[in-house]
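Within every chain, numbering begins at 1; the chains are lettered A, B, ... in the order of the sequence lines, protein sequences first and strands thereafter.
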Amino acid sequence: MNQEPRPLAPWSGRQNGLNEKLVAIFLLALALFNPPLLAVFGVPASFLGLPILYLYLFVAWAGVILALALAMERTPDETPEDRGPGGAGQAGG
Amino acid sequence: MLLEWTVIGVSFAYLCLLFAIAYYGDKRADQGRSLINNPYVYALSIAVYCTSWTFYGSVGRAASSGIHFLPIYLGPTLMAVVWWIVLRKMVRISKANRITSIADFISSRYGKSQLLGGLVTIIAVIGIMPYISLQLKAVSTTFTVLLSHPNLPVAGQIQSAPILTDTAFWVAVLLAAFSILFGTRHIDASEHHEGMVAAIAFESVVKLVAFVAVGLLVTFGLFGGFGDLFSRAAEDPRLLALLEVGDAGRFGDWIALTLLSMVVIVCLPRQFQVAVVENVDEAHIRKAVWMFPLYLLIINIFVLPIAFAGLIVFPEGDINPDIFVLALPMVKGYEGIALLAFIGGLSAATGMVIVETIALATMVCNDLVMPGLLRVRWLALQSRKDLTRLLLAIRRWTIVIVILLGYLYVRLIGESFALVSIGLVSFCAAAQFAPALIGGIFWRGATQKGAVAGLVVGFGVWLYTLLLPSFARSGWLPESFVTDGIFGIALLRPYELFGLGGLEPVTHSLIWSMMANLGAYVLVSLLTRQSAMERIQAALFVDVFRPSGGQGSSRFWRGTAMLAELKALLARFLGRERTERAFAQYAERRGIDLARQREADPQLVSFAENLLGGTIGAASARVMVATVSKGETIGLQEVMEILDEASQVIAYSHQLEQKSRELEAATAELREANERLKELDRMKDDFISTVTHELRTPLTSIRSFSEILHDNPGLAGGQRQEFLAIIIRESERLTRLINQVLDLAKLEAGSMSWTLERVDPAEVVREAVNATSQLFRDKRIPLEVQLDPAAPILWSDRDRLIQVIINLLSNAVKFCAADRDRVEVRLSRESAGGGVVICVKDTGPGIPFHAQPTIFEKFQQIGDMLTAKPEGTGLGLAICRSIVERLGGRIWVSSRPGSGAEFCFRLPERAPAGAKEGTR
């Protein structure tokens, strides 16, 4: 299963850097989805006929999902040992 | 035209299709060709998050608060970003420990605590009750709406009917029956409800398609696209206001809802069920991480357009915005779409209720009822043959009771709240699990008491600030409870606790309950200690990714069990066939032949516990296995004892080592002392023989001359005189010898009397020189005296000092050749210690190197062998050394054979006061 020694904190030092990317995207999303950025777009204006706040939130949301998809799909697979057990039934090691 | 029977018929057909899918899914699972073993099904099953709340309630919320329906979906997106870190860990832990529910997870983490499992279960049941009622309310309302076609019921027109004619009641009964059919057809040792998951994934597709269909119809059928819809909305100032976030207080609500929905996406029992328990492969998380947020995005695109369209189409505000999704197609004559919308809403509601009740049933059965029943002795559950039927019955009844509770809530609360408001109450309850759940997998030091404290306190605050006020608002508690606070204490008003006002009730409750929960969790964890079991479980959970992690708690079972008993136990819960299969697989994997074994080793016992845990929960499984296992589990006491024993052994061996070192040292000392004793003994013998020899020489001489005088009376006068002189001289020598021997004996015995007084060393030296001047004159040896005027006055024994110097001077004279050699006596001040150094130097023959170390020993006379007759007694230097050492000083000699010798001694300014003999 998982013979490779791992660091204590699951987000620290991994070869493929996936966890670092995820934390970065998380912080980005946190900034995008909350004030004060939210307040900047919270004005009664429209762009291409769409309310700007509505447009902003969905575009930002889609951007985060895209970044997430790229991070998950483009980052190479970890070493086989990293993979968890597929399916049930592994007790007593 | 929608007839009642059409609606009912289509609904039934849909539910039957769902059941068929579930049945097929189970069948495929039994064949080993899993239907749900792909990431898309996994992602879709997580979308069970979208319930009637999303389907109907979001539009209702958007119609009243605009964009504020969105945090509920942005939060889960945020959490999904870190799922690969958090959720994957939970999945790994759950697989290793065969976790069956969130209650099982938390209870396992904190030492398989039955208390904690029960507590989580109770909180979940009470907390989720409003959520289930929301689904019942939504289905029954939309059903009524659909039937009243083509008219639309005005808000508030739907009155609660007597129970038997109440749609909501029949919906509840139907959903209960359906959930029972789905989730409790059989007890599954593999923990997976594959058929259910397949059906849930299908439902997610249906509700998405239905909602998007309605959205497209409204946006592009009723209006001319997004631009047209929004520009029409912009003409209405009422709608325009919905496009702003609002003031700072609304920002607070926004952030609170984001955080709330962020944690509930893992804390809600049904989300835990589909995302963690039903996960078949960790790798599926990879896709779900971005597909689930994408699903949320798509289903939310049309929420605002539908809400605006509804507000434009029904400007009077007499239509409940919660039913816009259904009402818009209806009034415009799109009956097909309306029916599809109803089916979509139905699928959203059924999906939630099925998964939620199954999750709750598992929890209630495993963590509440079974532990209780196992404790009741007269039921004698341990000895019953087949318990699978009992387990199923418990779960079925739990589903019925949970759904009826939801129905009860709907009857009590009725029309008082919008869908989203009801749902948020549940969200806030589920969020109470977050500290114990998420903290538990990252913080090893969190204790069971901390988790209990956090849950109790957080749940209490939730109860007081959200659930009870909702009863009050509906008239089941006095209204004054909300307006004036309990007992009329304004500070305790449930919606403005401690004067914290200006917030939405959910935000307010979330702030207080989370603060109390987290605070108690952390504080109590820091102040309490973990039991041995807790420590082991904490390590298993936190370090699940470590190589040694995730191996179950096999090291916890010390004892063994009879294989047959173990099998019998498992068969009672899992059935004989399944048990045999599991054991056979185990034997095959480990390469052992179970048929030849009578006893099960700790690993097998642990495996059995794990297997049983998958059915009845970790805490109960431990109790059950303990009944057949001979060995006890290791208690904290024993762990401590083992540790104590080990440390005692270590301490003991340390002591032994030390003892043996001490022994060696003592032996060496003894050997040394023995050597000294031998040496002393030898010296005493030498001393006595030397003394007797020295005494005999003058005695012999005296006797012989006395005999001569006696025998020859007629001896010539001159000769006679000469002989008498010899006799006198020898007698003197004898006296001197005896005196010195006595002196030495006294010195060594410490019985010499000392008179310490102020002594001028220069005067002492002069006196000694005067006393010995005759000797120098006799041999015509010049004596040079150097006195340092800076020499300090000493506190010493004057007479003894003079004796030492006289001894040294006479010693020098003795070895000096007449007319040739010279002697020098020098007194100097010692710069370092503040005393004086007195040296007597001669130019005599010197002392051979080999004799120097022993020169101060008694009777050590150099040249003993060479010159036939020694001049001294051989005691002078020994006496000198004794005196000097007694006076706190030191005496030494430096000499090169052939070029004289120099005897020096150093005296301190103050002689030590004690009469004790100086160091030897």
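For the atom pair CZ of B:F230 and CG of A:L50, the computed distance is 6.0 Å after rounding to the nearest 0.5 Å. Here CH2 of B:W254 is found 9.0 Å from CZ of A:F33. Values are rounded to the nearest 0.5 Å. Atom CG of A:N34 sits about 5.5 Å away from atom CD1 of B:I255, to the nearest 0.5 Å. Between A:F58 atom CZ and B:I298 atom CD1 the span is 11.0 Å, to the nearest 0.5 Å. Here the straight-line distance linking atom CG of A:L28 with atom CG of B:L78 works out to 10.0 Å at 0.5 Å rounding. Of the inter-residue distances, the one linking A:I65 atom CD1 with B:F292 atom CZ reads 10.0 Å to the nearest 0.5 angstrom.
No part of A:I52 comes within reach of chain B, as not one of its non-hydrogen atoms sits under 4.5 angstrom from that chain. Within the 4.5 angstrom heavy-atom criterion, only side-chain atoms of B:M262, from C-beta onward, approach chain A. For chain A, no part of B:L229 is nearby; none of its heavy atoms comes within less than 4.5 Å. When heavy atoms are compared at a cutoff of 4.5 Å, B:I67 approaches chain A solely by way of its side chain, counted from C-beta outward. For B:N300, the parts lying under 4.5 angstrom from a heavy atom of chain A are both the backbone and the side chain.
When each of A:L66, A:V64, A:L57, A:L32 is checked for heavy-atom pairs under 4.5 Å with chain B, A:L57 comes out on top. Residue with the most contacts toward chain A among B:T258, B:T77, B:V82: B:T77 (heavy-atom pairs, distance under 4.5 Å). Contacts with chain B were tallied for A:A71, A:A69, A:A62; A:A69 has the most, counting heavy-atom pairs under 4.5 Å. Chain A forms the most heavy-atom pairs under 4.5 Å with one residue out of B:L296, B:D228, B:V91, B:N37, and that residue is B:L296.
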For this session: Could you walk me through whether B:I301 and A:Y54 pass the side chain to side chain contact (heavy atoms under 4.5 Å, CB included) test, one step at a time?
Result: CA-CA 9 Å; B:I301 286 176; A:Y54 174 78; 3.9 Å; yes
Exercise. Taking it one step at a time, do B:V81 and A:M72 satisfy side chain to side chain contact (heavy atoms under 4.5 Å, CB included)?
Worked result: CA-CA 10 Å; B:V81 175; A:M72 296 309 294; over 6 Å; no
Problem set entry | Criterion side chain to side chain contact (heavy atoms under 4.5 Å, CB included) on A:V23 and B:I85, from CA distance to verdict | CA-CA 9 Å; A:V23 171; B:I85 299 167; 4.1 Å; yes
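When all heavy atoms of A:W61 and B:P293 are compared, the pair lying nearest together is CZ2-O, 4.1 Å.
A salt bridge links A:E73 to B:K287: at least one charged side-chain nitrogen sits closer than 4.0 Å to a carboxylate oxygen.
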